[in-house]
Amino acid sequence: MLASRSILTSLNQSWNISRRSCQRLCSAAAPNTLLVDHSDAPSDFDDSAVVYSNVISEAEETLLVSTLSTVLKRRRYEKGHWDSVIAKYKELELSDDSLLSPEIVSVFDRIRSLLHANHLSFVEQVHWLPPHVIDLHSDGELNAHVDSVRFSGLTVSGLSLLSPCIMRLRPSSDALDEWQGGSMDGHVDLLLPPRSLYCLSGPSRFRYSHELLSSGSLFQGDAVARDRRLSVVFRDTKA
């Protein structure tokens with residue numbers, strides 16, 4: 001059974017909505033607990049990793065994929081990165097909003113507002129790094145890592161486009177000193193369907209590594225077929 005079909009089919013059918021409806025829903029969105037598998041979680045896992053389903057419409061996804069693919073098409077897939085974390089990928093930093101359509105700027109602003117309201121509400125004014133686009137080949141790899149804390153802040157979030165995949169979180173020995181300790185056994189899996197948004201904060205941001213599993217890996221017993229995947233990563237700046 002491919003891509004946790006029962007979950008994905010339900011998600012795709014239940015959110016056929018207009019942009020105005022999507023904006024209202026996103027402003028009060030709650031995470032979809034069906035997309036997080038805690039069955040093998042460490043005993044001290046605290047639900048600091050969440051997934052929101054269908055935070056954008058199908059039309060918005062089509063616009064994003066078309067725009068980003070056009071910008072990326074002249075670039076070759078890189079075989080690897082100096083830190084061995086990622087292979088067969090293209091990347092792009094969207095540092096200039098003026099190069100984007102008003103519709104895409106609106107989508108990004110809406111996502112930032114959702115993240116601020118639900119995960120950074122204790123910060124009066126959140127400053128954001130430019131969105132980071134990753135085009136991962138169907139045979140590409142994203143291996144276990146903890147995002148650098150040199151520049152980015154309290155959250156790491158990603159909008160998933162085109163293909164579903166499984167993100168796995170594991171306790172990491174590379175965590176900062178203040179996040180050391182606790183169980184080193186077990187893992188948590190996140191199912192990331194197209195148009196979903198994940199957010200890692202707290203321990204999931206700093207104590208756990210994250211990686212993407214290969215195509216055919218199982219989520220709650222169902223094989224997830226991963227193809228080419230686009231993602232837009234949102235990070236707040238370091239205070």
I'd like a table of donor-acceptor pairs (distance under 3.5 Å, sequence neighbours excluded) in which one partner is a side-chain atom from residues 197-204, with atom names and distances.
{"unit_1": "S201", "atom_1": "OG", "unit_2": "S48", "atom_2": "O", "d": "3.4"}
{"unit_1": "S204", "atom_1": "OG", "unit_2": "S48", "atom_2": "OG", "d": "2.6"}
{"unit_1": "S204", "atom_1": "OG", "unit_2": "A49", "atom_2": "N", "d": "3.3"}

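- Under the 4.5 Å side-chain heavy-atom criterion for ILVMFWY residues, no single connected hydrophobic cluster contains both I134 and L129.
- Counting only heavy atoms from C-beta outward, the side chains of V107 and L63 never approach each other to under 4.5 Å.
- Follow the hydrophobic side-chain contacts under 4.5 Å out from L94 and you reach L64 in the same cluster.
- Scanning for side-chain contact (heavy atoms from CB on, under 4.5 Å) contacts around E78 gives Y89, with sequence neighbours left out.
- Counting only heavy atoms from C-beta outward, the side chains of V224 and S217 never approach each other to under 4.5 Å.
- Looking at heavy atoms from C-beta onward, L162 lies in side-chain contact with V65 at the 4.5 angstrom threshold.
- Checked against salt bridge (charged side-chain N to carboxylate O under 4.0 Å, His left out), D97 has no partners two or more places apart in sequence or in another chain.
- Proximity of R207 to D46: side-chain heavy atoms (C-beta onward) are nowhere separated by under 4.5 Å.
- Listed by chain and residue number, Y52 satisfy the ring-ring contact (aromatic ring centres under 6.0 Å, His included) test with H119 (two or more places apart in sequence, or in another chain).
- In this structure, the side chain of T70 engages the main chain of S66 through a donor-acceptor pair within 3.5 Å.
- For the pairing with D135, the salt bridge (Lys or Arg N to Asp or Glu O under 4.0 Å) check across K88, R228, R76, R75 returns one residue only, R228.
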Between side-chain atoms of residues 142-149 and protein atoms elsewhere (two or more places apart, or another chain), which donor-acceptor pairs fall under 3.5 Å?
{"unit_1": "N143", "atom_1": "ND2", "unit_2": "S84", "atom_2": "O", "d": "3.2"}
{"unit_1": "N143", "atom_1": "ND2", "unit_2": "V85", "atom_2": "O", "d": "3.4"}
{"unit_1": "H145", "atom_1": "ND1", "unit_2": "N143", "atom_2": "O", "d": "2.8"}
{"unit_1": "H145", "atom_1": "ND1", "unit_2": "H210", "atom_2": "O", "d": "3.3"}
{"unit_1": "H145", "atom_1": "NE2", "unit_2": "D147", "atom_2": "OD1", "d": "3.0"}
{"unit_1": "H145", "atom_1": "NE2", "unit_2": "H210", "atom_2": "NE2", "d": "3.3"}
{"unit_1": "D147", "atom_1": "OD1", "unit_2": "H210", "atom_2": "NE2", "d": "3.3"}
{"unit_1": "D147", "atom_1": "OD2", "unit_2": "R235", "atom_2": "NE", "d": "3.0"}
{"unit_1": "D147", "atom_1": "OD2", "unit_2": "R235", "atom_2": "NH2", "d": "2.8"}
{"unit_1": "S148", "atom_1": "OG", "unit_2": "R150", "atom_2": "N", "d": "3.1"}

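- Ring geometry for Y77 versus H137: interplanar angle over 60°, hence perpendicular rather than tilted (30 to 60°).
- Residues in residues 153-171 take part in these side-chain hydrogen bond (donor to acceptor under 3.5 Å, both in side chains) pairs, two or more places apart or across chains: T155-D236, S160-R229, R168-H187, R168-D189, R170-E211.
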